[in-house]
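Below you'll find the structure, written out as structure tokens, and then a few comments.
Below, read A as the first sequence line, B as the second, and so on, with proteins coming before strands; counting in each chain starts at 1.
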2 protein chains.
Amino acid sequence: MSTPLEKARKDPESMKARILDVARRIFGEYGFHGTTTRMIAQEVGIDISTLHYHWGGKKDLYESVVIDINKDLRQKLVEVEQEIHGLPLGERLDISIDMTTDYLFEHPEVSNLILFRYFGKTRSDGNLDAIIPEFTADIARSMGLARDKKNVQPETMMKVLAVMNSIHNFISGENFFRPMVKVDRERYIALVKETLKFILIPAFTQNEAI
Amino acid sequence: MSTPLEKARKDPESMKARILDVARRIFGEYGFHGTTTRMIAQEVGIDISTLHYHWGGKKDLYESVVIDINKDLRQKLVEVEQEIHGLPLGERLDISIDMTTDYLFEHPEVSNLILFRYFGKTRSDGNLDAIIPEFTADIARSMGLARDKKNVQPETMMKVLAVMNSIHNFISGENFFRPMVKVDRERYIALVKETLKFILIPAFTQNEAI
DNA sequence: CTATCTATCCATCAAACGATTGAATCGTAG
DNA sequence: CTACGATTCAATCGTTTGATGGATAGATAG
């Protein structure tokens, strides 16, 4: 049993995969309503109907993109987790912020789409909400805030959300924030890491018990 | 010289003002592309052309809404500033978070629209970006991070952005986050304040020099 | 009363949208 | 070479979108 999405990821040169890639970028930039299937098709260099042939309706494509994005992010977080395993909390945070930030700056559409789902509203709501945000629990465990994946306290989830959001914000808001602070991209990325560490590390290490 | 927007705010019962109010809500929920002028007109209970008569095109209305929102927020921040003037930093933050959070939970469209502008993209870009985010400097000064409004350092602006964003995130993402943590609204608001203080206060008070 | 201005609705437009259909193209197995 | 399934394209459909023009009612001024 392999879903269409999985099949598309197997061969990155297939039309299905190419469409998915472009769709990630465009949906990430303009959101669901701001994107037209024509924009995607034109960017890929194909006809709209070809897009429909491969992915069905606009909504189906969007959902595939969201699932794809979350899969990627989750995998990245697993990778980070392995890197920092066993280190003291302050260091764990330091490395996590570096790795996650670097990854997201290379794939800003990930942050864009996640924030779009959080804050936006689709006029016709499909509920794929439940599928997504499970890895909050993973992060909580990785940060030493929760023992197991089940029964994560509300207070803990809120903290994890705050952490993840503040990272996504700076990635996704680059086009808006960078002109504000008037720095080039490299400097901006450095500033983001610095700021995140300034904000986040003291909170979690002040009463360190680990 | 009084702009249409100012005129509308004078008389809250005027059609112009009623449209603006509804437009704030709807644009805040669905974003620019997700909102249709028909949705707004229907909610107000008027014809579309009446909306056009008062506010011109969709884009004009949207820009008015954005300016209106930012005016409100700025005024609120001035209010907060007066309340906390002279107190020690930790206390200033504590009270600021309480007041700002309460205000935004009463007017979530403010957070929604601000985040939409940060992370979204309009297919046809108007540049009203420069008008908006000046008060970052005000907040910086209010937090004791900058002397005067001019020449605020990039590092400082980034910190202010991080603070403001983490607040907006929890307001605007309530529909997504609250079901995740499974609490009622009252409890959620309390959790937001608690979490924000947990994250933000240690960072700014650790090496307190003031 | 009449003229003028304001405010509203109704009907309608051109453009853009998501979606579908049917034909054309391509590679491949027999 | 032929036949067939998979893929792509051109053309088009019905709907929704933002926007406009004209008619109507009400208030106000001369």
Side-chain angles (χ1 to χ4, degrees), chain A residues 2-23 26-27 29-66 120-126, chain B residues 2-24 26-27 29-66 120-126 128:
Chain A
S2 76
T3 68
L5 205 154
E6 280 159 2
K7 214 181 281 176
R9 303 168 118 245
K10 290 266 162 69
D11 177 9
E13 292 309 314
S14 72
M15 184 54 71
K16 237 178 142 71
R18 283 174 51 208
I19 296 175
L20 190 68
D21 258 20
V22 173
I26 312 264
F27 276 129
E29 265 187 87
Y30 297 95
F32 182 79
H33 291 297
T35 301
T36 68
T37 51
R38 288 174 218 269
M39 289 166 64
I40 300 174
Q42 187 178 358
E43 183 81 8
V44 182
I46 56 167
D47 192 84
I48 328 165
S49 52
T50 305
L51 187 149
H52 275 78
Y53 171 80
H54 284 286
W55 289 106
K58 181 188 191 184
K59 195 155 196 173
D60 302 316
L61 175 55
Y62 182 70
E63 297 196 357
S64 295
V65 166
V66 171
K121 211 177 209 176
T122 317
R123 234 142 50 203
S124 52
D125 267 343
Chain B
S2 78
T3 68
L5 205 155
E6 281 160 0
K7 213 183 280 178
R9 303 169 118 244
K10 292 265 165 66
D11 177 9
E13 291 310 314
S14 73
M15 184 54 72
K16 238 178 141 70
R18 283 174 53 208
I19 295 175
L20 189 69
D21 257 21
V22 173
R24 276 174 67 137
I26 312 266
F27 275 128
E29 264 188 88
Y30 298 96
F32 180 78
H33 290 297
T35 301
T36 68
T37 51
R38 282 167 165 77
M39 288 166 65
I40 300 174
Q42 187 178 0
E43 182 80 10
V44 181
I46 56 168
D47 191 83
I48 328 166
S49 53
T50 304
L51 187 149
H52 276 78
Y53 172 78
H54 283 287
W55 289 106
K58 182 189 188 183
K59 197 157 194 173
D60 302 315
L61 176 56
Y62 182 69
E63 296 196 357
S64 296
V65 166
V66 172
K121 211 177 208 174
T122 317
R123 234 142 50 202
S124 52
D125 265 343
L128 92 155

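Rounded to whole Å, atom P of dA11(C) lies 18 Å from atom NE2 of His52(B). Rounded to an integer number of Å, the gap from Gln42(B) CD to dT17(D) P is 11 Å. Put simply, CG on Leu51(B) is 14 Å from P on dA7(C), counting in whole angstrom units. Computed from coordinates, the Asp47(B) CG to dA19(D) C1' distance equals 12 Å when rounded to whole Å. Atom pair Trp55(A):CH2 and dT7(D):C1' shows a separation of 15 Å (rounding to whole Å applied). Rounded to a whole Å, the CD1 atom of Ile40(A) is 14 Å from the C1' atom of dA19(C). Rounded to an integer number of Å, the gap from His33(A) NE2 to dT16(D) P is 14 Å. The separation between Met39(A) atom CE and dC17(C) atom P is 9 Å, rounded to whole Å.
In terms of heavy-atom proximity, Asp60(A) sits nearest to Gly57(A) at OD2-N, 3.0 Å. Shown here for Lys16(B) and His54(B), the closest heavy-atom pair between the two residues is NZ-O, 2.7 Å. What you find for Ile40(B) and Leu51(B) is that their closest heavy atoms are CG2-CD1, 3.7 Å.
Taking for each of Tyr53(B) and Lys58(A) the nucleotide of DNA chain C with the nearest heavy atom, the 5'-most of the two is the partner of Tyr53(B). Nearest-nucleotide assignment on DNA chain D puts the 5′-proximal partner with Arg38(A), out of Arg38(A) and Arg38(B).
Here Leu61(A) contributes atom CG and Leu20(A) contributes atom CG; the two are 7.0 Å apart, rounded to the nearest 0.5 Å.
If you check distances only, the side chain of Ser49(B) does reach the base of dC10(C) with a donor-acceptor pair under 3.5 Å.
Classification of the Phe27(B)-Phe32(B) ring pair by plane angle, with boundaries at 30° and 60°, yields parallel.
Counting non-hydrogen atoms under 4.0 angstrom, Gly56(A) reaches nothing in the nucleic acid. Residue contacts shown for Ile48(B) include a base, since a base heavy atom lies under 4.0 Å away.
Phosphate proximity of dT8(C) to His54(B): present, with a side-chain N or O under 4.0 Å from OP1 or OP2.
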